[in-house]
Amino acid sequence: MNMKDKLRKIIHVDMDCFFAAVEVRDQSELQGKPVAVGGAAKRRGVIAAANYEARAFGVHSALSTAVALRRCPELILVRPNMNKYKEVSAEVFKIFRKYTQIIEAISLDEAFLDVSDSPLHHGSGTLIAQSIKKDIFEHTGLNASAGIAPNKFLAKIASDWMKPDGIYTIPPENVAKFVQQLPVKKIWGVGKETLRELRKFALETCADLQKISPDNLAKVIGTNRAEELIALAHGIDNREVQSNRERKSYTRERTFDSDLSHSECLEALRTVFDECKKKLHSYLKEKPQYKIKTSVLKVKFADFTSTTVECADLNFNWEVMEALLVKALERNQLRVRLLGCGVKFTKNDLAQPDLF
Amino acid sequence: MKFTIERDRLNNAVKKAGSVISSRPTVSIMGHFLLDVQANHLVITATGLDQMITLTLEANVEQEGKATVSAKILSQLVQRLPNGDVSVSLDERGMVNVVCARNSFSLQSLDPLQFPIEGREESRREFMISTSQLCGNIAKCSYAVSTEEAKAPMTGLLLTITDGTFTTVATDGRRMALVETVIGSDSSLDSDSILPLKAAQELPKVLEGSSDVKVSLGDTHAVFSTDDVVFQTKLLEGNFPNYRMVMPPGFENHVTMPRDDFYSALDRVSQILDKNPAVKLSLTPTEVLISAMNNAEVAESPIPASYEGENLDLSFNASFLIDPLRHLECNKLTLRFNDRLSPTGLYGDEGFLYVIMPLRHN
């Protein structure tokens, strides 16, 4: 475990069967009955959310409504009212902001909160989470589950651990023990395909993953993915809670297996650049309010010193990156341990033109 | 000099007169009121750097004469006096004695001959207008006045008379508000004058209680007079932008909305805004959806509307839209526009026009 993990306190809050819970709250006659929010079976609709009464029949989100009704003929189907859910969600997020400004919204009913620096409740993540749960219930009448852990990966698993209306803490000292028993399918991003591959090698738990050599795992699922998975299997996740309020930059970086000579850097950078450019492109599609201002390049040398160079560039061009690399390498003769590249943003704000 | 006057009337008058006095007068006499008692009148004069006011009040005069008295002290004193008659007199020591019930005060007078009184310039244009109309017109424009000192002429309101129509205009270069009032067919000289914002803001106070006001516009000064108040102010120099130029010759589209709904929806939605001031108006035939976005936060509020064009989004600075709404009295508002990037007109009260540039992506 690295030092950074020990210092962080991340809370993952997940509203319990959110849409369905809102409907049951607002229509008391639905109380205690199997309820799902979703589109009509006739129109090939799917279930967006189901309460626990419905889940008992095997009804879950993404299930087609037709199947859901076969599994549970008494199922009460409610048409989704997104505006209402958005309103309730806004109330919930307003509560989050009482506790921290570092909030990463995953969806209307789910968010990560970084409370590492919060002075509330003497800095106890567990007490803060309890207080948030209580606040949410008092303001909206809805239950939420919360997970507290030193990183996002574990916080999300923790919130799911005692659902519904649950709260679970994985303190830093328990991380190693906790991940031992954790099934690999609980790892974020391990879907059916990956799971099938892992099972071929009898990799069922994180403990199994910890034992396998990265090279062998890389043969199964690729190098990058293997590194990531093994880190997660050790309970390591350095991703920050990306406050959705303002993102100032977008970067990708890569630490090399062995340090690179200066002449090897260009080719290595190209790989990082291409990956970054691809991801940046899809990121900007979702967030049109961001506009690229400068290209940045980070180089970490063998002695762990690092240097950053940047240049105004609205398009994240490879030619600019090449020039930046030359400039950065001039600063140190040592071999290169890490290369990172990316962009800094300006807000693509609306401007007020003059009348005359 | 000696006179007696009811405390309430004196209080009212010194409040009005005090509004022109500079908070830090350069010479001490500029911080004084001139009290001039003649026949059966008390005339109070106060002057600031750019303004002068004269109030005439009926008083029980025992002895004519002149004196000055600290504006600040007299105002604060009279405000605190009990109801009843106040007697004011100048004694041989040069002290102004203020007596009310059993309270008495002695205040320093300066030499009344030293009191600076600006001469009246001959006005080029005079007209009568109802006080409520004048103050209403000013209120419907003042918020659009520029606060940038560098844009000197735009830090005031243009008062212009053309063909018997009196027009008040204010702009900060990004939006413009104007109100037209017909004041009669008397077609003597047309004129353009720029009234400083400070004077415009004081007018409602100093004209309070009057029903009509005579407006006299000269080259360098404007004078607003009623039966008992004469308020004179310097005008701003320079050229006011040609506001007629920004008014498009015609608008192809329009959308009409209830004023109250529009105002409250804008007010609600703009609560999530901080640095980014933009609100979006999404026009459909029966509804305008007013929305705002601030990073991850979203606010939406639909209002009924009638609109005949194609569905369209217009973005505006929220406060630029809210400002005029605070002062309009109409039930319905109409936005007229040609497209989403060119000047948009907001129409409501009779004679009122507000032109605003929509926001655009840079």
Side-chain angles (χ1 to χ4, degrees), chain A residues 13 81-98 100-114 240-250 283-293 312 314 345-356, chain B residues 144 146 151 154 169-177 239-248 271-280 289 291-302 313-321 340-345 354-362:
Chain A
V13 182
N81 179 349
M82 288 312 288
N83 286 336
K84 182 156 81 176
Y85 309 145
K86 277 184 194 168
E87 273 173 34
V88 182
S89 172
E91 282 179 61
V92 173
F93 276 80
K94 203 170 157 192
I95 291 168
F96 293 159
R97 282 193 290 278
K98 279 165 53 184
T100 176
Q101 295 306 311
I102 312 172
I103 300 163
E104 180 175 343
I106 304 298
S107 60
L108 287 181
D109 59 343
E110 189 184 345
F112 286 108
L113 283 67
D114 186 333
E240 285 184 19
V241 174
Q242 286 280 3
S243 167
N244 313 58
R245 305 197 125 223
E246 197 125 336
R247 181 159 186 159
K248 296 203 170 78
S249 64
Y250 191 96
Y283 180 77
L284 285 176
K285 252 189 190 163
E286 279 172 36
K287 308 264 176 182
Q289 71 268 36
Y290 289 114
K291 205 172 157 187
I292 299 173
K293 182 176 64 175
L314 306 181
F345 294 125
T346 54
K347 278 298 246 346
N348 197 1
D349 271 344
L350 285 165
Q352 174 70 58
D354 285 338
L355 267 174
F356 34 78
Chain B
S146 173
K151 295 182 178 171
M154 279 150 75
V169 191
T171 179
D172 60 8
R174 295 168 298 178
R175 35 70 180 271
M176 178 193 78
N239 292 319
F240 198 83
N242 185 351
Y243 70 93
R244 292 176 188 87
M245 225 175 61
V246 307
M247 301 201 296
Q271 296 310 311
I272 68 159
L273 300 174
D274 47 36
K275 283 179 200 151
N276 161 25
V279 285
K280 188 163 80 183
L289 177 68
S291 62
M293 231 171 73
N294 186 6
N295 295 309
E297 297 176 337
V298 178
E300 290 184 344
S301 185
D313 289 350
L314 296 167
S315 292
F316 296 101
N317 177 318
S319 50
F320 282 12
L321 276 186
R340 43 184 287 272
L341 297 177
S342 41
T344 298
Y354 186 64
V355 181
I356 175 174
M357 281 305 277
L359 298 173
R360 63 174 70 156
H361 284 281
N362 45 357

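Lettering of chains follows the sequences in order, A, B, ..., and the numbering in each one begins at 1.
- Of the two parts of B:Met154, only the side chain, counted from C-beta on, holds a non-hydrogen atom closer than 4.5 Å to a non-hydrogen atom of chain A.
- Side chain of A:Asn83 to backbone of A:Lys86: no donor-acceptor contact under 3.5 angstrom is found.
- At a cut-off of 3.5 Å, with distance as the only test, a side-chain donor of B:Ser319 or B:Asn317 sits close to an acceptor on the other residue.
- Counting heavy-atom pairs closer than 4.5 Å to chain A, the top residue among B:Ser315, B:Pro358, B:Ala299 is B:Pro358.
- Only the side chain of B:Thr171 comes within contact range of chain A, with heavy atoms under 4.5 Å apart.
- Taking the side chain as every heavy atom from C-beta outward, A:Phe345 and A:Leu284 approach each other to under 4.5 Å.
- Residue B:Phe316: no heavy atom, backbone or side chain, is found under 4.5 Å from chain A.
- Residues forming a side-chain contact (heavy atoms from CB on, under 4.5 Å) with B:Leu341 (at least two apart in sequence, or on another chain): B:Asp339, B:Arg360.
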